[in-house]
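For reference, the structure discussed in these notes is given below.
In listed order, ligands and their atoms are each counted from 1.
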Amino acid sequence: MLVQIAFIALVGVAQCRNKQQPIVLHPEGIEQPPIGFGTWNLKESPDNTTNAVAFAIEKGYKQIDCAAAYGNKEAVGRGIHKGLKKAGLRREDIWVTSKLWNDHHAPDRVEAGLNQTLKDLNLDYLDLYLMHWPVGKGSDDKNYRYDYVESWRAMTELLKTGKVRRIGICNFSPAQLKELVKHSLKGDSPLPAVHQMELHPYLPQAKWIYAHKAHGIAVTAYSPLGNMNPTYGDRSRRLVTTQSKAPLLLENKVIKTIAKERGCTPAQVVLAWGASRGTSVIPKSKHETHIEENLGAIGCQLGTEDLAGIDALGEEPVRFNNPSDGWGVHLFDGLDDA
Ligand SMILES: NC(=O)c1ccc[n+]([C@@H]2O[C@H](COP(=O)([O-])OP(=O)(O)OC[C@H]3O[C@@H](n4cnc5c(N)ncnc54)[C@H](OP(=O)(O)O)[C@@H]3O)[C@@H](O)[C@H]2O)c1
């Protein structure tokens with residue numbers, strides 16, 4: 001029965017989503033670009049990082065996704081400024097996201113975390129500031145704590161400073177999001193503008209996306225190319241040998257066949273599928289060819305049958321990014337493949 005309900009839901013999505021629309025954000029109605037540029041693991045060398053970000057902006061990316069934890073903020077910041085200059089754009093022409101790391105969750109450390117990020121990126125403000133995980137661990141803490149409510153309240157205060165345009169979350173479970181909704185209904189704090197989460201054809205989480213739409217929360221898809229991120233290597237390799245259904249996503253036969261039929265590349269098919277669901281997709285690449293190719297997903301048109309075929313790849317969902325065991329916490333409770 002459950003499988004049948006899920007199937008009906010997925011077909012429902014496929015019928016109404018073969019156009020790529022900009023994503024309208026609650027509550028200001030401002031548009032988040034449908035394709036952004038990811039920067040995790042973008043640290044081959046500082047020059048490569050800077051040049052890749054600059055090249056992305058020059059080629060037309062209007063959204064850069066950063067984080068304190070990626071260890072490359074200065075080089076990314078230089079890339080943002082270089083790219084804006086080369087493209088003849090102003091700061092306000094692009095959208096920059098960054099994230100509060102777990103070691104700055106204590107309410108009196110939240111603004112310091114943001115200030116450091118702005119300094120490293122050499123920017124005056126962020127378009128979006130996200131809580132990277134719902135758990136924090138200060139330097140004196142032995143264990144991780146579920147301290148997201150207090151940290152969220154502190155992030156809310158940042159909105160008054162003008163240093164962040166919007167605030168949001170990453171990697172929350174339904175119960176954790178419900179807690180923030182409860183506080184928002186009481187008028188204590190606003191709802192997150194955006195929830196960034198792992199989403200790709202092997203982990204579609206369609207119902208979870210609908211739940212956000214019902215609250216007017218925009219969703220950003222991270223790791224949109226699935227198990228292409230080499231950090232997920234061990235898990236991916238295990239899958240290749242134990243579950244023949246989950247080879248590297250861009251080598252999946254279903255994706256490759258659709259790509260051939262539609263005159264797109266496999267990466268463009270996967271990203272166009274992500275954008276068709278009303279989520280912003282933020283692929284990372286250190287190669288100019290891939291950076292350009294990924295932005296080209298905007299022109300990749302998929303039909304209803306293509307979308308349904310890709311949806312079916314997620315019938316046995318696989319999550320690649322779950323640090324629960326290492327951190328001694330339960331993340332993603334109630335979600336697929338937690
Ligand atoms: N909030 C969070 O907790 C969280 C977690 C994970 C990621 N993120 C964000 O989401 C971004 C994207 O996710 P991700 O970096 O995990 O993975 P991803 O963008 O899905 O995949 C990146 C991998 O795919 C390869 N690739 C990119 N374009 C390709 C193409 N056209 N053809 C073949 N291979 C291609 C890249 O290699 P090359 O570099 O060699 O091209 C890289 O190894 C991150 O960079 C980060 O900004 C956020």
Problem set entry | Location of contacts on N321 toward ligand 1, heavy atoms closer than 4.0 Å | side chain

Exercise. Taking non-hydrogen atoms only, is K284 closer than 4.0 angstrom to ligand 1 via side chain, backbone, both or neither?
Worked result: both

Problem set entry | Atoms in ligand 1 flagged as close to L225, the criterion being non-hydrogen separation under 4.0 Å | 20 (O), 21 (O), 24 (O), 26 (N), 27 (C), 28 (N), 29 (C)

For this session: With heavy atoms of A267 as the reference, note each atom of ligand 1 found under 4.0 Å away.
Result: 30 (C), 31 (N)

Exercise. Okay, side chain of R166, backbone of D127: is any donor-acceptor separation there less than 3.5 Å?
Worked result: yes

For this session: Could you tell me whether C170 approaches ligand 1 through its side chain, its backbone, both or neither, with non-hydrogen atoms closer than 4.0 Å?
Result: side chain

Problem set entry | Ligand-side contact atoms (ligand 1) for residue partner Q196, heavy atom cut-off under 4.0 Å | 1 (N), 2 (C), 4 (C), 8 (N), 9 (C), 48 (C)

Exercise. In this structure, which one of I169, V181, L130, I167 forms a side-chain contact (heavy atoms from CB on, under 4.5 Å) with P192?
Worked result: I169

Problem set entry | ligand 1 contacted by Y70 (non-hydrogen, < 4.0 Å) | yes

Exercise. Is the number of heavy atoms from other residues, nucleotides or ligands within 6.0 Å of CD (E305) greater than 12?
Worked result: no

Exercise. Going by heavy atoms, is L250 under 4.0 Å from ligand 1?
Worked result: yes

For this session: Please confirm whether Q268 comes under 4.0 Å of ligand 1, counting heavy atoms of the residue only.
Result: no

